[in-house]
Number of protein chains: 2
Amino acid sequence: MFSKSCEYGIRAMIHIAQQQETTGRVSLKDIAREIDSPEAFTGKILQTLTREGLLNSLKGPTGGFELAREAGKINLAEIVLAVDGDNLFNGCALGLSTCDSEKPCPAHEKFAIVRDELTLMLRTSILDEMAMGLKNGVSFLTR
Amino acid sequence: MFSKSCEYGIRAMIHIAQQQETTGRVSLKDIAREIDSPEAFTGKILQTLTREGLLNSLKGPTGGFELAREAGKINLAEIVLAVDGDNLFNGCALGLSTCDSEKPCPAHEKFAIVRDELTLMLRTSILDEMAMGLKNGVSFLTR
DNA sequence: TCTATTTCAGACAAAAATGTCCGCTATTAT
DNA sequence: ATAATAGCGGACATTTTTGTCTGAAATAGA
Ligand code: FES
Ligand code: FES
């Protein structure tokens, strides 16, 4: 469904959202440890998220990453778009060059509905809600 | 969403379903041409589908591939499972080792719903219906 | 039987995704 | 100022996915 990069990116963003309420900025080392991901690789992904305007980064001691906007105004669709691009939202299920309802593939009719539901689900998955779940111990970022 | 292999596999199965009503078995060469896919690579995928019991194959002149069951009794979920495995149906959105509603990731609650809708959509996408769409010119396998 | 055709199996190759390393730059604290 | 810290950028390495090639095995038809 999502690339490894995207999975790490989402987990990182949720962890940052949950952490920064209390401790402010979060370091790469802390993030990689908490979401159980390879540190250097995660660093690359966080750079991407920073370039894409979802994170701010600060160098030096006490440096680290923080959300570019408040956690209530960032949703999963933005993160997926930033890391994996828009193919999941627009692409054809059967890999045709474009998804076009005027000249659809045989799966289009049923697939487009589910794809749109997925898009909506991602748009309505807000970072602060997910961070809340983490904090309350009802959800987890490792296993 | 799906791997290239899976996309080619689905397109091949739909083409075979549409073609074999009239001309019987379908050769790899014909399939690769009609679904616009690399021939040798497509051959590998058809071998997999044959091993997995979704296709029968026959060597020699007049040989080729045919559906192992009638097109009304094969759905997309089976093809996806045969080629890409069950991760799409069971896997965690955020890449945790397993998806477990007892110890869910922060995306689980909303994601599991959409994932189940996708599964249902694939299960109810039947090969003969899609082949019909192709024959009637309302859907297409290339672009 | 002989030949042409077609799938099968395995080795090989190229490209993309995933992951690591290292030196550089910016920043903080002493 | 200087040293220590943390992100940045680019090169490099590994693994997976995607794709190719070749020869063998099976089969139909002449
Ligand atoms: S054309 Fe294939 S999903 Fe729209
Ligand atoms: S635990 Fe992540 S989707 Fe179920």
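A note on names: the letters A, B, ... follow the listed sequences, proteins ahead of strands, and every chain is numbered from 1.
Less than 4.0 Å separates DNA chain C from at least one heavy atom of each of the following residues of residues 55-65 of chain B: S57(B), L58(B), K59(B), G60(B), P61(B), G64(B), F65(B). Of the residues in residues 5-36 of chain B, those lying under 4.0 Å from DNA chain C by heavy-atom distance are S27(B), L28(B).
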**Message:** Evaluate M121(A) against F111(B) for side chain to side chain contact (heavy atoms under 4.5 Å, CB included), listing each step before the verdict.
**Reply:** CA-CA 7 Å; M121(A) 174 256 148; F111(B) 179 74; 4.0 Å; yes
**Request:** Would you please test S3(A) and D84(A) for side chain to side chain donor-acceptor pair (under 3.5 Å) and show each step?
**Result:** CA-CA 7 Å; S3(A) 69; D84(A) 278 353; 2.6 Å; yes
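Between K4(A) atom NZ and dT17(D) atom P there is a gap of 11 Å when expressed in whole angstrom units. If you take CG of L46(A) and P of dG19(C), they are 14 Å apart, rounded to a whole angstrom. Following rounding to the nearest Å, K44(B) (NZ) and dT20(D) (C1') show an atom-to-atom distance of 10 Å. Straight-line distance from the CZ atom of F41(B) to the C1' atom of dA11(C): 16 Å, rounded to whole Å. Between N87(B) atom CG and dT16(D) atom P there is a gap of 14 Å when expressed in whole angstrom units. The interatomic distance linking E52(B) (CD) with dC8(C) (C1') rounds to 16 Å, in whole Å. We find that CD of E39(A) is positioned 12 Å from C1' of dG19(C), with the value rounded to whole Å. Distance CG (L49(B)) to P (dT7(C)): 14 Å, rounded to an integer number of Å.
The neighbour count for K73(A) NZ, taken as heavy atoms of other residues, nucleotides or ligands under 6.0 Å away, does not exceed 12.
Counting heavy atoms from C-beta outward, P104(B) and E109(B) have side chains that stay 4.5 Å or more apart. When side chains are defined from C-beta on, M1(B) counts as touching L88(B), because their heavy atoms get closer than 4.5 Å. Annotation: side chain of N56(A) is not in contact with side chain of T50(A) (no heavy-atom distance under 4.5 Å). At a threshold of 4.5 Å between non-hydrogen side-chain atoms, the residues L141(B) and H15(B) count as touching.
When the side-chain nitrogen and oxygen atoms of Q47(A) are compared with OP1 and OP2 of dG9(D), one or more of them lie within a distance under 4.0 Å.
A salt bridge does not link R123(B) with E78(B): none of the charged nitrogens is closer than 4.0 Å to a carboxylate oxygen. At a threshold of 4.0 Å, the pair R33(A)-D30(A) counts as salt-bridged, since one of the basic side-chain nitrogens sits closer than that to a carboxylate oxygen.
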Using atom names, set out every protein N or O paired with an N or O of nucleotides 12-15 of chain D below 3.5 Å, distance rounded to 0.1 Å.
none

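Taking all atoms of both residues into account, the shortest heavy-atom contact from R143(B) to C105(A) is NH2-N, 4.4 Å.
Under the 30°/60° scheme for interplanar angles, the aromatic rings of F41(A) and Y8(A) are found to stand perpendicular.
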